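Reviewing the structure listed below.
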Protein chains: 2
Amino acid sequence: MPKSIARTYSQYSREAAALLGALIREARNERKLTAQELADRAGISRGMLQRIEKGNLKCEIGAVFEVATIVGIKLFDADGSDLVKQLRHTKEKLALMPKSVRRKSKKVNDDF
Amino acid sequence: MPKSIARTYSQYSREAAALLGALIREARNERKLTAQELADRAGISRGMLQRIEKGNLKCEIGAVFEVATIVGIKLFDADGSDLVKQLRHTKEKLALMPKSVRRKSKKVNDDF
DNA sequence: ATTTTATGAACCATAAAAAGGCCATATAAT
DNA sequence: ATTATATGGCCTTTTTATGGTTCATAAAAT
């Protein structure tokens, strides 16, 4: 049972969401879409789009990605994107990775 | 009242979430963190982290961002990132943007 | 081999998010 | 100026995602 969680977010996460929201809003305006129109296309409510554009961290990621995609924002664009670069790396290694991880000892490996 | 929505997601959104999840998992393994440990640090449950790593689109974006941040994934990294590039553009323009958008006529401006 | 620990998947109760409506304000068009 | 449309909050109801639990399997340590 979700027991009254008071979630906290790092500043980085907050900024990331706020910036993404601002980017979405700008893209929407450039395309001359009203909030209602974009919300309809994304299959969400207008209030939801408002929260996304404000950078609300509680929005579901699927809704954010959908909206971003519709207005033409590429989270993982072609080949220049740093994330895509990292991911290429990932997918190559993924097949040979063990499914679980165990540290050598119980010593906390807190190296970062 | 939410009227029993069966939300659909674009393939792009699904892939984006799946890739991000895979990236998180790899980063977690590289840092030798167990799912429980990472979940604890992010302030989420282990089940939630599982869903994130699987690319579940219904997870809240704040949780995904937190986890990604903790394992060192930069969504909007320094200055090379394409998103940051776009955002710089955005923030400059933001101040002078109108708050609402109106099209010239009622003709649907569907140019994309 | 045995033991210990990590993961994956399902279930359930409930806190929380989302939709939809409404209204006030703001902006754009006339 | 007036009119029309867009946005931003707030509120209530309904839906859903989340945390917690359990269990089975998988992998690592011993």
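In what follows, chains are A, B, ... by sequence order, proteins preceding strands, each numbered from 1. As the structure is a computational prediction, the values presented were derived from the model and not from experiment.
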Between A/Arg7 and C/dA15, does any side-chain N or O lie under 4.0 Å from OP1 or OP2?
no
With a 4.0 Å limit, can you tell me whether B/Arg28 has a side-chain N or O closer than that to the phosphate oxygens OP1/OP2 of C/dT7?
yes
Between [options], which nucleotide gets closest to the side-chain atoms of [X]?
{"X": "B/Arg46", "options": "C/dT7, D/dG19, C/dA19", "answer": "C/dT7"}
{"X": "B/Ser45", "options": "C/dA19, C/dG8, D/dG19", "answer": "D/dG19"}
{"X": "B/Thr34", "options": "C/dT7, C/dA18, D/dT7", "answer": "C/dT7"}

Rounding to an integer number of Å, can you tell me how far [X] [atom1] sits from [N] [atom2]?
{"X": "B/Leu49", "N": "C/dT7", "atom1": "CG", "atom2": "P", "value": "9 Å"}
{"X": "A/Asp40", "N": "C/dA18", "atom1": "CG", "atom2": "C1'", "value": "15 Å"}
{"X": "B/Gln36", "N": "D/dT21", "atom1": "CD", "atom2": "P", "value": "11 Å"}
{"X": "B/Gln50", "N": "C/dT7", "atom1": "CD", "atom2": "P", "value": "9 Å"}
{"X": "B/Leu38", "N": "C/dG8", "atom1": "CG", "atom2": "P", "value": "13 Å"}
{"X": "B/Glu66", "N": "D/dG19", "atom1": "CD", "atom2": "P", "value": "13 Å"}
{"X": "B/Met48", "N": "C/dA16", "atom1": "CE", "atom2": "P", "value": "13 Å"}
{"X": "B/Lys32", "N": "D/dA28", "atom1": "NZ", "atom2": "P", "value": "11 Å"}

Any donor and acceptor pair, going by atom type alone, linking the side chain of B/Arg46 with main-chain N or O of B/Gln36 inside 3.5 Å?
no
Could you check whether any side-chain N or O of B/Arg14 sits under 3.5 Å from a backbone N or O of B/Tyr9, counting only pairs where one atom can act as donor and the other as acceptor?
yes
Quick one: CD1 on B/Ile70 to OG on A/Ser13, what's the gap to the nearest 0.5 Å?
8.0 Å
So which of residues 52-63 of chain B are in contact with DNA chain C, with a heavy-atom cut-off of under 4.0 Å?
B/Lys54
Does some side-chain heavy atom of A/Leu20 sit less than 4.5 Å from a side-chain heavy atom of A/Ile24?
yes
For residues B/Leu38 and B/Arg31, determine if any side-chain heavy atom of one lies less than 4.5 Å from a side-chain heavy atom of the other.
no
Quick test of your reading of the model: are B/Glu66 and A/Arg7 salt-bridged, counting only N-O distances below 4.0 Å?
no
Checking A/Lys74 against B/Tyr12: charged group under 6.0 Å from the ring centre and within 45 degrees of the axis?
yes
Confirm from the modelled atom types if A/Arg51 and D/dG8 form a donor-acceptor pair under 3.5 Å, side chain to base only.
no
